[in-house]
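What follows is one structure encoded as structure tokens, with my remarks underneath.
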Amino acid sequence: MTATVGRPVGAAARASDVWKVYGSGEAQVVALRGVSAEFERGRFTAIMGPSGSGKSTLMHCLAGLDTVTRGTVMIGDTKVTGLGDAGLTRLRRDQVGFIFQQFNLLPTLSAKENILLPLAIAGRKPDPAWYDTVIDTVGLRDRLDHRPNQLSGGQQQRVACARALVSRPQVIFADEPTGNLDSRSGAEVLGFLRNSVRQHGQTIVMVTHDPTAAAYADRVVFLADGQIVSELIEPTADTVLDTMKKLDTLPAPTEAGI
Amino acid sequence: MLRATLKSLLARKVRLILSGLAVVLGVMFVSGAFVLTDTLGRSFDAIFADAYEGVDVQVAAKPKLAVGETEGEQVAPPFPAAVLDRVRTVPGVAEATGSVNATGARLIGSNGKAVTSFGPPQLGSNWTGGSDLIEIRQGRAPQADNEIMVNAALATAGKVTVGDQVGVLLTLASKQEFTLVGIFGYSGGRDSIGGANEIYFTTPVAQRLMLGAPDTYNSIVLTSADGVAPERLRDDVAAALGDGYVVKTGEQLSADAAAGLKEGLSFFNRILLGFAGVALLVGTFLILNTFSIIVAQRTRELALMRAIGASGRQVIGSVLVEAVAIGLLASVLGLAAGIGVGALLAYVFGQFAGGLTLAGLGVPPVAVFSSFGVGLVITVVAALLPALRAARIPPIAAMQDVATPDRPLTRVTLSGAVVTAAGAGLLALGLSGNAGDNTLVTILTGVLLAFIGVALLTPLISRPVVNLLGGLFSWSVPGKLGRLNSGRNPRRTAITAAALMVGIALVTGVTVILDSTKASIAGKAEQIIDAELVVAGEQTGPQPPTFEPTVVDRAAALPGVAAVAGLYNDMATVEGERRFVNAATDLAAVGRIWGAKATAGTVATLRPDQVALSEPAAKELNKTVGDRITAQFARGEPHTYTVAAIVPEDRLPGAIMLPKESAADFTQPKPYLALVQLTPGTPVAQVQPQLEELVKDSPEVSVTDRAGFIAQQTGQFDTLLRMIQILLALAIVIAVLGIINTLALSVLERTRELGLLRAIGLRRAQTMRMITVEAVVISVFGALLGVTVGSGLGAAVVEALKDEGITELVLPWSQMGLFVGLAALIGVVAAVLPAIRAARINVLGAIAHD
């Protein structure tokens, strides 16, 4: 596998005028207010925002884990909005990869089996060359037969990354992937995610509240109060922090910490 | 602490219901058994109180033979009518009625078949003008000798109406034809008393047919004059009549009659309680498992309590309070359900027993006490182990993930081995017959310990077996995941499977024993009895159906018949001991058919004063050829016989073979069995129709070939087996609840994992398949264990019974295969609800939140 993958054109995921409303009447909460955004192929995008800004909701809607109240969501050429459970399941299986904050590995399966699980569920054979590349990139070759409880947190998250990558989805959604890791393991995982974008053209959308993590992305989208309020291209931790500070002056709920 | 526990309990209602259900079912069985037997007992009391209502004092002749309730009807011997005149002269007697009242009058219904009561007596009585008890519903009482009146239940069962010509089969006489002139009921609108049937004849006819002698009665019913207490009259009459008579008050009679039946009822009660015990044992496994899982899931919560200062004792208390709450609630519900079930069964029983009028539903205190005792104790005992484990949870666990480390299985396996060995030891002791009076207790304790021991060993066995079983499903990803899930917690899988094991092991064990018995009997009969045709009927009451003695002689005269042996049987007092005796029409014919060769004396037609003994009987009685033995039968005076032959045990149809003349004094002086040996080359089909023609006046018996006869004789085992299977099905139902419970709790526990699987593309159907495979692996594992343990137990019992003639060990392979197949089905059924629950998990909710 050569590393010279040109950046494909077009959007891997797109939200058009997406509204998400919970509850009704007095108890109504509007989580997303007409969000429109494109996530280009082969780019690493971070979604940031204070707690309650709707960043997780946006990601869940994009990934087909949650339904939108209004508007449309597309993954590649597939219209996510309106798909039934079977359609959503197929979409998640074939076109989307996930990385969670809680590593969410199956304790009964070895690292290798966990990595190959999405392909096994889909009944597909892994591309051996790509599989080797992924394993080598995440550096887990000598840990493949270990169970999750025999791995460190960082190693577990790298298994989760490999699992998301190995089926070459249209887009990988990562939800606070470094939230449970110490800074060194976090940096390893983030570097690895960035490499998979740079070298292999993978599309990644990551939700985070950590400016350092966001700095690994090509682009940062800032949400506040259910709307996209700002955007940074080629961010650094400092520029992200500055933008966050500006957002904090807006009348939004303060970050309560995790 | 208490409030926190109760709140946590209420927050998990599903869990509460599932774990409580097992206790409810067990308690239901216990209280149901007590309610049923109590209701039936009081109903019988009422029946007999009614039946003897108009009787102040009754006189009967002393029976020749004391017969227990379970061994047959006591024959009240006839006495001369002159006794009635003597009784009438006793001061204080207001009225004295000579009465004939004996069992053995069977009406032939409009379909040509004899109406059977399935147990209760079929009385033939003399009409003496009636009493407050009798209400003539249609027609009138019998006046001429060819007239009878029957009770309404009998008329309905036989589909006969007033004016019909009907046949009546009799014990002491041949079939007779009568005109049905009346149909009667009993006071209170009842069609029958306790399922008994009754036919009224005129007095002379009743004396001749029911007592076998004219001008005799078998009881005198007395009413006392005003101001004379029945007890006083009883004593006066007894004094006047002297030794040979039994005089009792109506109250005594009704108490005696009820006591006999209640003995049977208490036996029935113990059997039901035994099955309740099995159900509760299985329920204990289920509750133990539920609490273990609950404690595992609450590790964080309990550790948090420890961290904020709760003592270990308080944690134990918290778990036990939950157990007590579940136990109490389940006991209340179980008691209520038991009352319902008891009432329903009593009703069904009443319907079956020909319209038994049930006494009002009552809840005896023992039902209440045992329900609460059993429900509470079982739940608390089952919760104790998990509670102790909970107390050891280190507070630090609150801060960590709930990854309970795999505890090593060494200790549980060791204790399992010890308990299994103890169980096997006790079982061996009990079966070897060296445990004396405690044999049954020893065997039952052995079986119980064996079950617990195997359950403790199960976690160790479960790993390889579950892997092997699961291998069958590993071709699909959901199958593989399901297999891995069933193997991930060996203890949980083991207990769940062990609960199923108990029920299936018991069913398998009983099947092995009964099938082996059946095969041994059939094998022996086939090997020994050299007869092509058999005349016999299906026994539905205390006595087998009979046919006319002339049939035997006429059958012997048929062309193509080589030998016919007609057999009679009864209980008798032989040398002062109660023994089962047989009489044969011709011992020479018996010898030909059984291949009897005497070890002493000769097998030939017995003279009226000769007897043949089997070897063991001769040994027990300490008699040899030429010695004399005395026997007293149901009727007549004692007889003395000379021993003419001693024959090996299995070469005679009975231990004591009497000449046919003795049978005249038997309870039923008619043969119940005839074996017909054909001359070589005579086709069965040629003789069978002729034989059938001979017994056409005895619709209770039929002519079958030998295979049919053996099947008929061993058919009772199938009925027994089916009943035991139905009762044990409850234990299996509880085990199924256990599988559902374990799966449901596991699904809850793995919510996040299921969410993840769904997130990365596992379809709903695949999720359900995963849960189903887990359930099927667990239940098939349980069934395999059960079939193995059950075969072992059954084989052990059969081995122990070798000396009793059970020489063949039959392992019911097809049945065992069926059980394993059924278990797979059970797994699928048990998985339905948990699987639906798993498939419906909100993916986002499961993974996004902790």
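Quick note on labels: first sequence line is chain A, next is B, and so on, each numbered from 1. The basis for the numbers below is simple: all heavy atoms, side chains too, and nothing from hydrogens, waters or symmetry mates. The structure displayed is predicted, hence computed values, not measured ones.
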Are side-chain heavy atoms of T89(A) and L762(B) found at a separation under 4.5 Å? no

Which atom pair, heavy atoms only, marks the closest approach of E753(B) to P107(A)? OE1-CD, 3.5 Å

Atom CZ of R840(B) with >12 non-hydrogen neighbours under 6.0 angstrom: no

Which atom names give the shortest non-hydrogen contact between K480(B) and E113(A), and what distance separates them? NZ-OE2, 2.6 Å

Choice from D94(A), L106(A), D85(A) maximising heavy atom contacts with chain B below 4.5 Å: D85(A)

Any heavy-atom pair between the side chains of V96(A) and I760(B) that's under 4.5 Å? no

Is any side-chain heavy atom of R163(A) less than 4.5 Å from a side-chain heavy atom of L756(B)? yes

Just so I know, are the side chains of R92(A) and R758(B) near enough to count as touching, which here means a heavy-atom distance under 4.5 Å? yes

Counting only heavy atoms not in R90(A) (residues, nucleotides, ligands), do more than 12 fall under 6.0 Å from its CZ? no

Which atoms form the tightest heavy-atom contact between A759(B) and L65(A), and what is the distance? CB-CD2, 4.3 Å

When the 4.5 angstrom heavy-atom criterion is applied to A122(A) and chain B, the contacting part is neither

